[in-house]
Undergrad: 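Below: one structure in structure tokens.
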Amino acid sequence: MNATGAVIDGHAVEVRNGETILDAARRAGVDIPTLCYTHGLRPEGGCRVCLVEIAGAGRPAAACHTPIQLGMEIRTATPQIEALRHDILALQLAAGEPGAVHRYAGTELGNLLARYQVAGSPAEAGRDGPSVDATHPYLRFDPSICITCRRCLHACEEIQGQFVYGIADRGAGARLIFGHDERFADSACTACGACVDRCPTGAVTDADRFDGMAAESRTRSVCGYCGVGCRIEVEAKAGRVLRIRGVETAVVNRGHLCAKGRYAHAWHHSRDRLTRPLVRENGELKPIAWDEAMALLVDRLRAIRDQHGPNALGVFTSSRSTNEAAYLLQKLFRTAIGTNNVDCCARVCHSSTALALQTVTGTGAATASYADIDSAGCVVVAGANPTEAHPVLGARIKQVVLRGARLVVIDPRRIELADYADLHLQLLPGSNVALFNALAKVLIEEDLIQHGYLEERVEGLEEFRRFVDGVSLDESARATGVSVARIREAARLLGGSGRVLFVHGLGLTELTQGTASVMALSNLGMLTGSIGWPGAGMLPLRGQNNVQGNADMGSMPNLLTGYQPLDDPEVRARVERQWGVAPPRERGLTIPEMIDAARRGDIRALWIQGEDVVQSDPYERHVIEALAALDFLVVQEMFLSETARYAHLVLPAAGALEQEGTFTNGERRIQLVRPAVPPPGDARPDWRVIRDAAAAMGASARYESPADVMDEIAEVAPQLFGGVSYRRLEGDGLQWPCPSPEHPGTATLHAGKFLRGKGRLVAIPYRPSPEHGVEGFPYTLVTGRVLEHYNVGTMTRRTPNRRLVPADVLEIHPEDALREGIDEGAEVIVESRWGCVRTAARRSRRVAPGTLFLSFHFPESHTNRLTGPHVDPDSKCPQYKATAVRLQVA
Ligand code: SF4
């Protein structure tokens with residue numbers, strides 16, 4: 001007996017609290033075979049393959065769920081145990097279909113059968129049984145080789161939180177089912193693939209596993225869809241992506257991916273990829289050689305600058321591309337052209353967040369990290385739909401709630417997370433400020449605030465108290481549609497939960513009170529003492545894969561790289577040293593301002609990199625008129641987008657899977673992006689095209705690789721990036737600020753002290769938006785995303801995701817549908833003061849009566865014909881999230 005530890009097969013092992021025999025054995029390097037067990041998930045303990053002998057115990061025990069205890073003496077591979085395992089596996093095989101043994105080859109079960117020399121009955125090898133469910137474009141299920149070990153079921157529940165799988169019938173007749181015994185395609189499966197990674201037999205598998213191709217290369221990179229920034233491993237052969245898996249060790253996603261990141265990669269070899277530069281001649285776009293294209297680009301930009309001045313030009317840099325490309329493009333415009341007319345799509349999504357958080361904390365980015373979700377005691381999700389738009393984080397929020405964390409969802413739609421929430425505050429679109437002020441009032445009135453934190457770290461409490469004294473809860477209830485009782489209940493939940501993690505999205509920012517909404521939410525963060533601690537803080541979910549990085553790089557008209565002010569003499573001197581020329585002093589124009597200026601004829605040339613503004617920006621008609629008025633429009637794109645159709649010059653671009661550089665995700669983590677496949681035809685990586693154009697225009701551009709560009713970024717903005725280099729970005733990358741080569745990066749911002757000194761409480765009165773109460777337009781339209789598609793659908797529409805969701809659909813509450821005489825699936829005409837679209841309608845209780853929802857993934861829908869010209873007066877972020885509309889049956 002070992003009194004201080006335990007002994008496994010003669011190895012002394014330390015006994016650690018909470019460990020099982022299997023955990024301890026694996027730590028000691030002792031191999032115990034398993035079948036229904038999978039690391040990281042709850043042990044099922046059903047298959048008995050991991051049986052071991054414990055001295056003094058009457059019978060063998062399953063190692064996967066038996067706790068290790070002091071003094072235990074364990075033997076894992078006695079002849080009796082090995083014989084038992086053989087018999088268990090033989091029984092398993094006998095229960096399956098004849099011939100199944102051949103189809104287990106190469107799987108975990110197949111390896112165990114070979115190890116224990118268990119032979120199957122002779123039958124034809126490798127044929128699918130007739131009952132295979134191949135209804136899903138990405139997943140397939142073969143019940144004839146399913147052993148009902150439940151690993152898929154545990155993965156679905158414990159990773160994705162989706163509960164798709166069940167077991168029907170009992171004993172030898174037990175079988176795996178989807179939902180209410182539905183087909184795979186009809187089930188609630190979100191196609192995250194977590195079940196596939198855990199299935200030990202190949203019964204649940206990727207449809208693409210059967211393409212028979214072995215990979216030639218495996219490349220580690222970062223998903224090119226949303227701002228979560230999941231790390232991926234891409235298998236490729238002959239220039240084609242075969243399959244994508246999550247990186248198990250990645251801190252961002254721990255091996256998990258969503259349907260887009262894992263499966264939606266077919267866009268890269270789509271036949272309509274742009275492979276050559278195109279020039280407009282006699283109204284048509286015609287192929288042209290790269291050297292001619294570059295000469296034309298440089299000549300036209302120079303000519304317009306010389307004739308109309310540098311401020312007659314502008315650039316929209318791409319949040320789909322790399323940090324290095326964004327940095328080089330803003331630098332080109334600030335140096336070779338001489339204008340600060342530089343902006344990016346952060347303007348039309350999180351510019352309100354950046355401005356609000358900069359004002360109240362001193363930094364315009366997430367104060368928290370994704371890992372904080374796991375340790376949060378209370379999560380507020382406001383104006384975000386993470387399970388569809390940021391699915392890997394959405395699953396993580398579900399998991400922490402299933403483990404007991406409190407959840408408050410604030411959203412005009414009953415999003416999926418509302419089903420998991422303690423409270424869903426279904427407010428009227430655009431009324432966030434009224435609701436947050438009311439919550440703040442109750443927190444103060446009922447003394448649910450963190451006095452110590454506020455006294456030590458926050459300014460403006462007395463003024464804020466006076467402000468909320470004047471807030472009427474009854475008026476707030478009228479403005480928001482949320483009852484006073486519910487407001488009180490929510491405030492008590494927040495005030496009584498300790499620190500809170502506030503997760504927000506575009507439902508707050510894309511409003512005329514966008515900046516105000518985020519500030520009002522931050523007030524709740526300050527009052528509950530939540531900012532600057534692990535497991536709490538502000539976590540805005542960034543939309544595009546590199547929207548954070550794009551703004552970080554200086555793609556803003558009023559700030560240089562690293563959010564440095566244009567007029568700071570020290571900054572200007574440092575930038576001039578690196579660039580050889582000082583940036584212009586005068587603040588440039590934002591995207592909406594550039595569109596307006598182009599419409600007026602003040603902007604004569606635009607370079608739009610990887611952004612389909614015709615489809616994605618509000619007030620489509622106005623955008624088209626502006627683009628059509630330009631003397632020169634250059635578009636750098638992968639496809640002939642709606643915007644590229646108005647271009648004078650189109651430059652074919654490389655996609656996220658085809659270029660080298662870095663992306664920065666929503667938790668400020670800079671990660672390496674590597675090319676897994678080459679770009680098609682003559683398409684070139686963005687950074688290289690921009691570098692060559694800059695060199696041709698006489699700007700400093702001596703970079704051999706994107707790593708050289710990052711070295712310059714570190715010199716230009718040392719407070720945020722001084723310690724960042726490609727060498728240090730291997731693996732999980734670095735979270736900025738990372739000011740020196742020794743600095744480990746920053747997971748929690750404002751720990752101990754706000755970057756601006758003290759945090760600020762800001763009194764912000766609620767103001768209804770110009771789309772509230774518009775006579776003759778009784779409904780309020782909210783726009784947003786669905787799980788299967790991404791942004792304007794450029795990539796996902798060119799994948800089998802189109803089979804999953806083939807079109808945008810208008811969600812309407814059944815009562816409204818009844819009143820309007822709209823049947824399920826009927827065509828309706830939706831009309832706002834700014835435009836009109838035709839779409840199919842779906843009855844849904846996810847929206848409240850009076851509210852409609854429409855996604856914007858398909859160009860045929862023209863959703864942004866409906867959205868209008870209103871912008872937040874401070875951030876200039878357009879209002880997408882509340883538009884007054886009326887309906888008519890088509
Ligand atoms: Fe890609 Fe976002 Fe999905 Fe992760 S959650 S796989 S980053 S789309």
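Order of appearance sets the numbers: ligands from 1, and atoms from 1 within every ligand.
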Undergrad: Given the side-chain rings of His862 and Phe856, with only the six-membered ring counted for Trp, is the space between their centroids under 6.0 Å?
TA: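 Here the rings of Phe856 and His862 have centres that are no less than 6.0 Å from each other.
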Undergrad: Could you work out, with side-chain hydrogen bond (donor to acceptor under 3.5 Å, both in side chains) as the rule, every residue matching Trp687, not counting sequence neighbours?
TA: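 Counting only residues at least two positions away or on another chain, Trp687 forms no side-chain hydrogen bond (donor to acceptor under 3.5 Å, both in side chains).
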Undergrad: Counting only heavy atoms not in Arg727, do more than 12 fall under 6.0 Å of its CZ?
TA: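 Not more than 12 within 6.0 Å, no.
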Undergrad: Strictly under 2.8 Å of atom 2 (Fe) of ligand 1: which protein N/O/S atoms qualify?
TA: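 As for protein N, O or S atoms lying under 2.8 Å from atom 2 (Fe) of ligand 1, they are Cys226 SG.
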Undergrad: Between Lys260 and Glu388, does any NZ, NE, NH1 or NH2 come within less than 4.0 Å of an OD or OE carboxylate oxygen?
TA: no
Undergrad: Assess, by modelled atom type and distance only, whether the side chains of Asn801 and Tyr790 contain a donor and an acceptor separated by less than 3.5 Å.
TA: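 No donor-acceptor contact under 3.5 Å links the two side chains.
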Undergrad: Yes or no on side-chain hydrogen bond (donor to acceptor under 3.5 Å, both in side chains) for Ser352 and Thr509, after CA distance, side-chain angles and deciding distance?
TA: CA-CA 5 Å; Ser352 307; Thr509 61; 5.1 Å; no
